[in-house]
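Throughout, numbering of the chain's residues begins at 1 and tracks the sequence.
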Amino acid sequence: MNSASEVKATSPLTYGLGLVLAAGGLMGLFLVANARDGAIALHGYLFVAFCTLGVFWMIKRHYDGADPIAREEGGVLYNDGVVRAGCIASLFWGIVGFLAGLVIALQLAYPALNFDLPWTNFGRLRPVHTSAVIFAFGGNVLLATSFHVVQRTCKARLAGDWAPWFVFWGYQLFIVMAASGYVLGVTQSKEYAEPEWYVDLWLTIVWVVYLLVFLGTLMKRREPHIYVANWFYLAFIVTIAMLHIVNNLALPVSLTGAKSYQLFAGVQDALTQWWYGHNAVGFFLTAGFLGIMYYFVPKQANRPVYSYRLSIVHFWSLIFLYIWAGPHHLHYTALPDWAQTLGMTFSIMLWMPSWGGMINGLMTLSGAWDKLRTDPVLRMLAVSVAFYGMSTFEGPVMSIKAVNSLSHYTDWTVGHVHSGALGWVGFVSFGAIYYLVPKLWHRTRLYSVNLVSLHFWVATIGIVLYITAMWVSGILQGLMWRAYDSLGFLEFSFVETVEAMHPFYVIRALGGALYLLGALIMVYNCWRTIRGDLKEEKVAGLPAAAPQPAAAAQ
């Protein structure tokens with residue numbers, strides 16, 4: 001039993017971590033003193049600040065004693081502090097990522113908004129947007145939910161007193177270093193893997209500790225059974241580590257400079273990159289978030305998973321098939337035709353496990369369909385599963401060579417990615433955070449359930465505007481690019497195709513603005529919930545609540 005007296009901040013590992021931070025601070029000072037470029041100097045300062053603050057925080061916690069946030073449930077003193085921090089970081093980075101996306105969408109519609117500055121142009125802000133949404137927002141959601149789920153399903157406190165906090169803060173440092181590097185022009189130009197070699201090394205250290213924390217918690221579990229959500233989380237952690245290490249193998253020009261050269265070149269580099277790129281989608285944005293689905297949908301619906309056997313079949317078939325699908329990004333390139341066909345074949349086969357998971361998630365609502373009318377959080381989770389099904393239908397279709405010849409390099413691909421990112425990843429993340437915030441801060445319910453409903457409808461309209469505009473834009477692009485006149489010449493110049501996209505880019509920006517507005521509504525709702533406020537409103541199935549000050553709620 002993890003009682004309060006057993007959770008101290010004075011284990012031998014504490015002193016070891018303090019020495020590591022001290023050494024890290026000295027290494028940061030070395031980088032600052034010998035930096036060959038401004039980015040290395042900036043990141044050296046960031047590293048010094050991170051290590052210094054980490055040491056002082058450890059000293060403070062040493063004198064504070066046991067975890068002040070921990071709360072005992074069923075004889076287990078759970079580490080909810082790091083989960084709270086993950087929820088707050090998810091909300092913050094979500095706003096940053098969605099705002100960056102809106103800015104670059106407006107830049108495509110109105111190029112003058114690039115401002116002719118190197119730090120604000122589309123080429124540098126675009127990876128800021130993708131990394132902020134995928135790795136900052138999505139990554140923090142995965143950290144928070146995986147730490148929560150593995151504790152509750154194992155009935156055991158997170159392994160390590162300091163390791164979970166090192167994972168959390170170390171991951172935030174990675175995000176800041178990556179984003180600041182993009183703005184300064186430091187990038188290795190690999191999709192979803194833009195950070196340079198030293199940032200990749202830091203993420204590797206953080207990720208290994210994350211794996212050890214997760215495995216350590218599973219090993220000391222008090223439940224004999226490992227719930228399937230933990231299978232998906234573990235597959236996500238292990239596979240992303242493998243993908244990250246292999247795809248980012250590089251030789252730095254100097255140990256005090258940002259520039260490096262990739263180990264692979266040519267078509268080998270392209271194949272390695274899209275083995276990584278597609279499986280970043282498959283394991284980071286799919287397997288990890290399926291772990292969220294398998295825990296939070298049953299919890300919010302108060303129903304068991306529809307078929308546990310189907311969930312196991314879903315798991316093994318998905319992780320086996322997904323790893324082979326990357327070559328479909330390289331149709332009609334120098335990649336050998338057999339490899340292209342292999343990627344297409346496995347992509348089509350992915351229909352089966354993907355839809356098996358979607359069916360399992362939706363059928364979990366059997367006997368609770370009426371709750372969709374009264375529970376907007378459950379509605380958001382259910383719609384996220386529907387978007388998962390739609391995206392995993394569209395992806396295999398687009399992997400077919402005949403379809404890909406029209407869709408590749410067009411906005412259709414952008415629409416496909418965002419139907420999965422905004423609909424599946426975004427909505428399932430929002431639903432999980434809405435579930436966690438009242439529970440973690442010990443509130444009876446969210447500040448306003450009606451605001452959740454407003455968020456749902458505003459964001460849904462934004463998604464529909466976004467993806468339909470990109471579908472039409474992409475198909476129009478593909479048709480214009482291969483239209484020939486009677487003499488066999490291209491009928492449209494590239495500039496004419498760009499001009500034709502303008503109204504769709506405006507609609508896309510409007511959809512993104514609505515999605516951002518929904519996220520801001522959510523942040524306000526969660527902030528008021530954390531304060532302990534309750535909005536006086538009629539909520540179906542609940543008695544009317546009078547306004548409640550924060551002090552009374554606690």
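The two residues Leu422 and Tyr515 make their nearest non-hydrogen contact at O-OH, 2.8 Å. Nearest approach of Met470 to Tyr505, heavy atoms of both residues: CE-CD2, 3.9 Å. Pairing each heavy atom of Ala280 with each of Ile240, the nearest pair is CA-CD1, 4.1 Å. Among all heavy-atom pairs drawn from Gln340 and Leu335, the shortest one is NE2-O, 2.7 Å. Ala156 approaches Thr217 most closely through the heavy-atom pair O-CG2, 4.1 Å.
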**Item:** Working for side-chain contact (heavy atoms from CB on, under 4.5 Å), residues Val150 and Tyr227
**Value:** CA-CA 9 Å; Val150 75; Tyr227 183 61; over 6 Å; no
**Test side-chain contact (heavy atoms from CB on, under 4.5 Å) applied to Trp481 and Phe494, step by step** = CA-CA 8 Å; Trp481 287 347; Phe494 184 76; 4.0 Å; yes
**Request:** Using the ring-ring contact (aromatic ring centres under 6.0 Å, His included) rule, take His328 and Phe346 through it: C-alpha gap first, then chi angles, then the decisive distance, then the call.
**Result:** CA-CA 9 Å; His328 75 230; Phe346 275 89; over 10 Å; no
**Request:** List the steps and the verdict of side-chain contact (heavy atoms from CB on, under 4.5 Å) for Asn404 and Met344.
**Result:** CA-CA 10 Å; Asn404 195 265; Met344 179 187 75; over 6 Å; no
**Message:** Go through it in stages, so that I can follow the logic: the residues are Trp275 and Tyr192, the test is ring-ring contact (aromatic ring centres under 6.0 Å, His included), and I'd like the CA-CA distance, side-chain angles, deciding distance and then a yes or no.
**Reply:** CA-CA 12 Å; Trp275 167 75; Tyr192 308 138; over 10 Å; no
**Message:** Before you tell me yes or no, could you show the steps for Thr153 and Asn230 under side-chain hydrogen bond (donor to acceptor under 3.5 Å, both in side chains), namely the whole-Å CA-CA distance, both residues' side-chain angles and the distance that decides it to 0.1 Å?
**Reply:** CA-CA 8 Å; Thr153 55; Asn230 293 320; 2.8 Å; yes
**Message:** Does Leu211 form a side-chain contact (heavy atoms from CB on, under 4.5 Å) with Val238? I'd like the steps, not just the answer.
**Reply:** CA-CA 7 Å; Leu211 174 61; Val238 171; 3.9 Å; yes
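The main-chain N or O of Leu243 is never found under 3.5 Å from a side-chain atom of Asn247 such that the two would form a donor-acceptor pair. Checked by atom type and distance alone, the side chain of Lys220 never pairs as donor or acceptor with a backbone atom of Cys154 at under 3.5 Å. Asn114 places a side-chain N or O within donor-acceptor distance of the main-chain N or O of Phe122, the cut-off being under 3.5 Å. With Arg126 contributing its side chain and Gly123 its backbone, the two residues share no donor-acceptor pair below 3.5 Å. A donor-acceptor contact shorter than 3.5 Å is absent between the side chain of Ser354 and the backbone of Trp351. Side chain of Glu191 to main chain of Gln273: no donor-acceptor pair is present (N/O by atom type, distance under 3.5 Å, no hydrogens or angles). Trp412 contributes no side-chain N or O that, together with a main-chain N or O of Gln477, makes up a donor-acceptor pair within less than 3.5 Å. Put simply, the side chain of Trp197 never gets that close to the backbone of Leu251: no donor and acceptor are under 3.5 Å apart. Side-chain atoms of Thr286 never come within 3.5 Å of backbone atoms of Phe283 as a donor-acceptor pair (strictly under, hydrogens ignored). A donor-acceptor contact shorter than 3.5 Å is absent between the side chain of Thr256 and the backbone of Leu31.
Every residue meeting the side-chain hydrogen bond (donor to acceptor under 3.5 Å, both in side chains) condition with Ser131, not counting sequence neighbours, appears here in chain and number order: Tyr182. Residues that satisfy the salt bridge (charged side-chain N to carboxylate O under 4.0 Å, His left out) test with Asp116, not counting sequence neighbours, are absent from this structure. Under the ring pair (Phe, Tyr, Trp, His ring centres under 6.0 Å) criterion, His129 pairs with no residue at all, not counting sequence neighbours. Phe236 meets the ring pair (Phe, Tyr, Trp, His ring centres under 6.0 Å) test with Trp207, Phe284; sequence neighbours excluded. By the ring pair (Phe, Tyr, Trp, His ring centres under 6.0 Å) test, Phe387 is found to be paired with no residue, residues two or more places apart in sequence or in another chain being considered. Residues passing the side-chain hydrogen bond (donor to acceptor under 3.5 Å, both in side chains) test with Ser391, sequence neighbours excluded: Ser419. Listed by chain and residue number, nothing satisfies the side-chain hydrogen bond (donor to acceptor under 3.5 Å, both in side chains) test with Tyr295 (two or more places apart in sequence, or in another chain). Not counting sequence neighbours, the partners of His418 by the ring pair (Phe, Tyr, Trp, His ring centres under 6.0 Å) test are Tyr466. Listed by chain and residue number, His314, Ser317, Leu318, Leu321, Leu350 satisfy the side chain to side chain contact (heavy atoms under 4.5 Å, CB included) test with Pro353 (two or more places apart in sequence, or in another chain). Residues satisfying the side-chain hydrogen bond (donor to acceptor under 3.5 Å, both in side chains) criterion with Tyr198, sequence neighbours excluded, are His43.
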Sequence neighbours left out, cut at 3.5 Å: what donor-acceptor pairs do the side chains of residues 257-270 make with other protein atoms?
{"unit_1": "Ser260", "atom_1": "OG", "unit_2": "Glu196", "atom_2": "OE1", "d": "2.6"}
{"unit_1": "Gln262", "atom_1": "NE2", "unit_2": "Gln188", "atom_2": "OE1", "d": "2.6"}
{"unit_1": "Asp269", "atom_1": "OD1", "unit_2": "Lys190", "atom_2": "NZ", "d": "2.9"}

List, one per line, each side-chain donor-acceptor pair under 3.5 Å for residues 423-433, sequence neighbours excluded.
{"unit_1": "Trp424", "atom_1": "NE1", "unit_2": "Leu285", "atom_2": "O", "d": "3.0"}
{"unit_1": "Ser429", "atom_1": "OG", "unit_2": "Val425", "atom_2": "O", "d": "2.6"}

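Taking the six-membered ring for Trp, Trp231 and Phe214 have ring centres at least 6.0 Å apart. Checked against a 6.0 Å centroid threshold, the rings of Tyr171 and Trp93 do not count as neighbours. With ring centers used as reference points, His331 lies 6.0 Å or more from His408.
With 3.5 Å as the limit, one finds a donor-acceptor pair spanning the side chains of Tyr294 and Asn360. Side-chain polar atoms of Asn121 and Gln107 form no donor-acceptor pair below 3.5 angstrom.
More than 12 heavy atoms of other shown residues, nucleotides or ligands fall within 6.0 angstrom of atom CZ in Arg84. Summarising the local packing, CZ of Phe56 is surrounded by 12 or fewer heavy atoms from other residues, nucleotides or ligands at distances under 6.0 Å.
Put simply, CG on Asp161 and CZ on Phe166 are 15.5 Å apart, with the number rounded to the nearest 0.5 Å. To the nearest 0.5 Å, atoms OG1 (Thr333) and CH2 (Trp274) are separated by 12.0 Å. In this structure, Ile226 CD1 and Leu234 CG are separated by 8.0 Å, a value rounded to the nearest 0.5 Å.
Of the candidates Tyr78, Tyr233, Tyr210, Tyr210 is the only one forming a ring-ring contact (aromatic ring centres under 6.0 Å, His included) with Phe147. Between Ser473 and the options Thr410, Asp411, Thr497, a side-chain hydrogen bond (donor to acceptor under 3.5 Å, both in side chains) holds for only Asp411.
Ion pairing between Arg124 and Glu194 fails under the 4.0 Å rule for side-chain N and carboxylate O.
Considering only heavy atoms from C-beta on, Ile319 comes within 4.5 Å of Phe315 through its side chain.
Ring geometry for Phe296 against His148 counts as parallel: the plane angle stays under 30°, on a 0 to 90° scale with 60° as the upper cut.
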